[in-house]
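What follows is one structure encoded as structure tokens, with my remarks underneath.
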Amino acid sequence: MKIKNAVIAISLVTSSVVMGLGASSAYADWPTKDIHLVVPYSAGGNTDVLSRQVADLLQKELDVNIIVENRPGAGSTVATGRLARGGRDADHTILMASPGHVIGASIYPNLPYDAVNDFKFIEKLLDAPNIMVVPSSSPYNTVAEFITAAKSKPMTFSHPGVGSSIHMSGELFKTLTKTKLTAVPFPGSGAALPALLSGDVDVSFENASTVLPHIQSGGLKALAVTSKTRFKALPDVPTVIETEGYDLGGFVTTVWNGVIAGNGFPDEGVEVLQAALQRVKERKEFTEFIDKMGAEKSSVSGEDFKSFIASEVERWKMVAEEAGVRQN
């Protein structure tokens, strides 16, 4: 009996080891099929264009097809919710996240997912500033001048949609400066820009890639950039936090992009993608591409990326509550 029991015990141990090895090596050769890169916005926007560039370079690094899929809706929350649910191909599906990920968690009270804990944060790719711009005909040449005016009379700022980084940057500015700014929504930056250029609205906090050509041509005046440090494409333009006479240290906003996955995504896949995306960021093609976007490479990944997301969710929740911004 003792011999028989020993044989059974050895058999069980051996079986457990084999099962364990099988579980740990299931994704040892990841990727094993095409990778789906989801863009939570319509085709043609900055996130879409970036995603297609990254997909092309990542395909070269991994020697596997990267299929870009556009799934727009509700400020990126439709595609993000689908990612969180997992399902078919969840082990080979990633998403190009942007500020919509954290802002969505701030303005949609009933999201079916947790923006921090239901995802794996793989690699943050870049950061780009928004630029505080006024029409060329505006009498204001500094942020301080604009604040003084906006405290004394109602003024307007344009944005391309509720919950966009441009909209929330304006709301944050309004909150910190206690000015009389009213948000004027438009269906996209393409519609918002003519109103700004013509002086129908007083100011905007637009993406650098959208307004930089108009600043360079003289159609718009740049009062400040919203990043922590000055923007290399406009070295003479100060940051908002440099404004003298006002405590605007809390006004730092950037447009960022990074790759995330659902919790069902394998850890081996995370490791492979982190290494591959870090190589992508060092490629000449990527450097030249983001230079044209007015962006800078990010060095944040993994747990640091997750910590960044958690802090951004809390920050934008406070801004949304103060501004009364809520979406059903």
Side-chain angles (χ1 to χ4, degrees), residues 34-55 58 66-126 159-169 171 183 185-192 207 255-265 269-270 273 305-306 308-310 312-317 319-321 323-328:
D34 295 344
I35 297 171
H36 296 262
L37 173 56
V38 177
V39 181
Y41 302 102
S42 300
N46 285 346
T47 300
D48 175 67
V49 174
L50 169 68
S51 297
R52 294 178 188 279
Q53 177 72 13
V54 169
L58 193 57
I66 312 292
I67 301 170
V68 178
E69 300 177 4
N70 295 88
R71 298 178 189 166
S76 84
T77 61
V78 170
T80 308
R82 185 172 173 179
L83 185 75
R85 290 193 301 272
R88 185 169 175 265
D89 294 324
D91 57 349
H92 282 71
T93 299
I94 54 180
L95 182 142
M96 184 64 76
S98 69
H101 184 83
V102 293
I103 293 172
S106 306
I107 67 175
Y108 290 92
N110 299 311
L111 288 179
Y113 60 84
D114 184 302
V116 178
N117 296 315
D118 287 345
F119 302 93
K120 292 183 178 180
F121 297 93
I122 300 173
E123 190 77 14
K124 187 164 173 270
L125 299 175
L126 58 82
H159 66 78
V162 174
S164 65
S165 67
I166 298 164
H167 173 214
M168 298 305 284
S169 292
E171 295 291 357
F186 290 85
S189 290
N207 296 158
V255 179
W256 55 267
N257 286 103
V259 175
I260 69 173
N263 276 338
F265 197 80
V270 171
L273 277 176
F305 190 8
K306 183 177 181 178
F308 165 78
I309 294 294
E312 285 290 280
V313 166
E314 291 306 311
R315 179 164 76 126
W316 290 117
K317 276 184 179 178
V319 175
E321 288 172 2
V325 180
R326 280 290 184 272
Q327 293 288 87
N328 294 325

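These numbers were taken from a predicted model, which means no experiment stands behind them.
Separation of atoms CG (Leu58) and CD (Gln53) is listed at 11.5 Å; rounding is to 0.5 Å. Rounded to the nearest 0.5 angstrom, Leu37 CG and Ile66 CD1 are separated by 7.5 Å. Rounding to the nearest 0.5 Å gives a distance of 4.5 Å between NE2 of His36 and CG of Asp89. Within the model, atoms CZ of Arg315 and CD1 of Ile103 stand 9.0 Å from one another, a figure rounded to the nearest 0.5 Å. To the nearest 0.5 Å, atom CG of residue Leu273 and atom NE2 of residue His92 are 9.0 Å apart.
In terms of heavy-atom proximity, Arg71 sits nearest to Val38 at NH1-CG2, 3.6 Å. The nearest pair of heavy atoms linking His159 to Pro185 is CE1-CB, 3.4 Å. Between Thr47 and Ser98, the shortest heavy-atom contact is OG1-CB, 4.3 Å. Considering every non-hydrogen atom in both Ala261 and Ile94, the closest pair reads CB-CG2, 4.3 Å. Of all the heavy atoms in Phe308 and Lys124, the pair that sits closest is CE2-CE, 3.6 Å. Among all heavy-atom pairs drawn from Glu171 and Ala183, the shortest one is OE2-CB, 3.9 Å.
In this structure the side chain of Thr80 reaches within 4.5 angstrom of the side chain of Leu95, judged on heavy atoms. Using a 4.5 Å heavy-atom cutoff, the side chains of Ile166 and Asn207 are in contact. Residues Ile260 and Phe265 have side chains not in contact (no heavy-atom distance under 4.5 Å, counting atoms from C-beta outward). Val259 places a side-chain heavy atom less than 4.5 Å from the side chain of Leu125. Taking 4.5 Å as the limit, every side-chain heavy atom of Leu50 sits out of range of all side-chain heavy atoms of Val39. Taking 4.5 Å as the limit, some side-chain heavy atom of Trp256 sits within range of a side-chain heavy atom of Ile309. A 4.5 Å side-chain heavy-atom check between His167 and Val325 finds at least one atom pair inside the cut-off. Here the side chains of Asn70 and Asp48 are in contact, with some heavy-atom distance below 4.5 Å.
Inspection of the Thr77 and Tyr113 side chains reveals no N or O donor paired with an N or O acceptor under 3.5 Å.
Without hydrogens or angle criteria, Asp114 side chain to Asn117 main chain gives a donor-acceptor distance under 3.5 Å. Formation of a donor-acceptor pair under 3.5 Å by the Ser76 side chain with backbone atoms of Pro72 is not found in this model.
Taking the six-membered ring wherever Trp is involved, the centroid distance between the rings of His101 and Phe119 falls below 6.0 Å.
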(request) Please assess Arg326 against Glu321 for the test side-chain contact (heavy atoms from CB on, under 4.5 Å), listing each intermediate value before the final yes or no. (result) CA-CA 8 Å; Arg326 280 290 184 272; Glu321 288 172 2; 3.4 Å; yes

